[in-house]
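What follows is a set of notes on a single structure, which appears directly below.
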Amino acid sequence: MIISRQKEFNNILQMLGEIDIFIIGCGKCAKKQRAGGEPEVLEMKKKLEDAGKNITGWTVLSSACSITSWADVLSQNPGINKADALLVMSCGGGVSVISGFAGKQVYPALDTESLGGVCCNEVVTEQCGMCGDCTIWLYGGICPVIRCAKSLLNGPCGGAVQGKCEVDERLCAWDKIFERLKELGKLENIENIHEPKDHLKTRVKKA
Amino acid sequence: MNFISKLRSGKFIITAEISPPKGTDTSRMLRDAALLKDIADAVNVTDNQRAVMRMSPIAACSILQGKGFETIMHITCRDRNRLALQSELVGASALGIGNVLVMSGDHPSKGDHVGAKPVYDLDSVQLLGMIRELNRGVDLSGNKLDGRTDFCVGAVTNTELNEAGLIKLKKKIKMGVNFLQTQAVFDVEKFSGFMERADEIRSTQSKQIKIIAGIIPLRSERSALFLNKVPGIRVPDDMIKQIKDAKDPEVEGMRITAEIIKKLRTMCDGIHIMPVGNHENTKKLLEMADLI
Ligand code: SF4
Ligand code: SF4
């Protein structure tokens, strides 16, 4: 699941130059995080109207980043053609896909943060840095690329104080990696030298 | 005798840290360096330490070398990708800078450009491996260099290591370092525990690796309390009390530090002095420790 959060309403308002706006929510990740599902879309609609915008309609797509055809979306939502701009309440993936077809200005209502997941209704952030070369198994399923603030692949930086990362409130990922590998009896995984990442693999193959 | 020969000779090494200026005016840096003339075997030049922007260490080292100092250039993984690291190192070598000290580097969020993009394309172990390649005359992609580097290479370590930290230290040693420089030592007994572990690793890897203990001269109760917040540093409570109760805390701090140095002399291969501020007292301190 893509982790995103709503922009400050004031920032959204500053961004939106046009008056006639159509709002698109996302029924997948953004809905799960209560950032772009139906209740949030309706709240956004109200706030924008209070701020003097004209909302030509709204919808919540089953997922904004994966639509069958733009023609379908248009036929079900005639309000889109009446709008000067679209406000999309999804991750950047959804905003990009819709921008590619809409032929008009598209604005993001959310800020996209990381790739995570959800379990037992709890959202877990920063689980994968999308490096294109997955070696998470070497680290007991805890990815240092994203969970270590410095993406260190060969062990901790020595900056942690009482288990807390030097950088922010997070616990040092390397303590967790060590503990997990110990539990699994796989400490030899981190005794080897891990080579630098091949960032060529991150690059998307162009069609 | 250059630094690597001194390391090999078994002499007790004295190094001292200098920060490049924040700006183009080198006078203060040169004043600091002058205080170390004939005292330090080499001066360490920091690389945007604590993620605060300063003159590049390659420029500062080059200026200092021009004045007759041998330098140890710090190089962190924070600000440069593998291309930049290599071109910096090749350039340093061509300028006659023969020693480098490798570290991950404090995160930008700790410094004066908090919004900077951190790089960390390589970690310190990988950077050490890369320098080994440059010393063999090839770059990280295996291309042959026109003229290889010949660095004497150091890495840093905390003296209180958890098990994950110890694994990393082993990897650094495996990458062929010539010396290890430790975080500041205050608790000599704990340090001796560290030395035992380090000796075990040294005996299985390379006995040639020299260990240089970090020294931060204590100045006041406040400075001691502040140091206790720095990762990897712990000033014992009785030491803090000693300073607090002293008539002249600065003199007491020097006395305590000189005692630490005297004890370390038999335990490790050298000391590295990191004064907070300048090197005004460094000569005096070394005299008090009977080192000069
Ligand atoms: S190794 Fe790469 S792909 Fe795998 S979890 Fe980490 S960042 Fe994601
Ligand atoms: S403290 Fe731990 S998580 Fe934070 S940067 Fe250092 S190694 Fe990574």
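Chain letters run A, B, ... following the sequence lines, proteins first and then strands; every chain starts at 1. Because the structure is predicted, anything quoted here is derived from the model rather than measured.
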Approximate separation, where rounding is to 0.5 Å, of B:K170 NZ and A:I193 CD1: 12.0 Å
For the CD atom on A:E188, are there more than 12 heavy atoms of other groups (residues, nucleotides or ligands in this structure) within a distance under 6.0 Å? yes
Answer yes or no: is there a side-chain heavy-atom contact under 4.5 Å between A:L152 and B:K168? yes
Side chain to side chain donor-acceptor pair (under 3.5 Å) partners of A:N10, counting only residues at least two apart: none
A:F178 and B:I167: side-chain contact (heavy atoms from CB on, under 4.5 Å), yes or no, with the steps? CA-CA 10 Å; A:F178 182 84; B:I167 290 176; 3.8 Å; yes
Residue pair B:S104 / A:C157: nearest heavy atoms and the distance that separates them: OG-CB, 4.0 Å
Check this for me: B:F226, atom CZ, are more than 12 non-hydrogen atoms of other residues, nucleotides or ligands nearer than 6.0 Å? no
Give a yes or no on this: more than 12 heavy atoms of other residues, nucleotides or ligands lie within 6.0 Å of atom NZ of A:K186. no
How far apart are the closest heavy atoms of A:G159 and B:P231, and which atoms are they? O-CG, 3.2 Å
Heavy-atom pairs under 4.5 Å with chain A, option from B:M103, B:H107, B:K110 with the top count: B:H107
If you draw a 6.0 Å radius around CG in B:D237, do more than 12 non-hydrogen atoms from other residues or ligands fall strictly inside? no
Flag the pair A:E191 and B:K171 as a salt bridge only when some basic side-chain nitrogen lies within less than 4.0 angstrom of an acidic carboxylate oxygen. no
What part of B:K172 gets within 4.5 angstrom of chain A, counting heavy atoms only: side chain, backbone, both, or neither? neither
Against chain A, label B:R78 side chain, backbone, both or neither, depending on which of its atoms sit under 4.5 Å from a heavy atom there. neither
Taking heavy atoms only and a threshold strictly under 4.5 Å, list by residue number the residues of residues 18-55 of chain A that touch chain B; give 'none' if the list is empty. none
Tell me whether A:R170 at atom CZ has more than 12 heavy atoms from other residues, nucleotides or ligands lying less than 6.0 Å away. yes
Here the pair of heavy atoms bringing A:H194 nearest to B:Q126 is O-NE2, 2.8 Å
B:M175 versus chain A, heavy atoms under 4.5 Å apart: side chain, backbone, both or neither? side chain
dist A:E179:CD -> B:E163:CD (nearest 0.5 Å) comes out at 7.5 Å
Provide the closest heavy-atom pair for B:A164 versus A:P156 in the form atom of the first, atom of the second, distance. O-CD, 3.6 Å
Using a 4.5 Å heavy-atom cutoff, which residues in residues 162-169 of chain A come close to chain B? A:E166, A:V167
Proximity of residues 178-201 of chain B to chain A, residues having a non-hydrogen atom under 4.5 angstrom: none
Keeping the roles fixed (side chain from B:D123, backbone from A:N154), state whether a donor-acceptor pair exists under 3.5 Å. yes
Could you give me the CA-CA distance, side-chain angles and deciding distance for A:H199 and B:D121, then say whether side chain to side chain donor-acceptor pair (under 3.5 Å) is met? CA-CA 9 Å; A:H199 292 289; B:D121 184 26; 3.3 Å; yes
Does A:K150 use its side chain to pair, donor to acceptor, with the backbone of B:G105 at less than 3.5 Å? yes
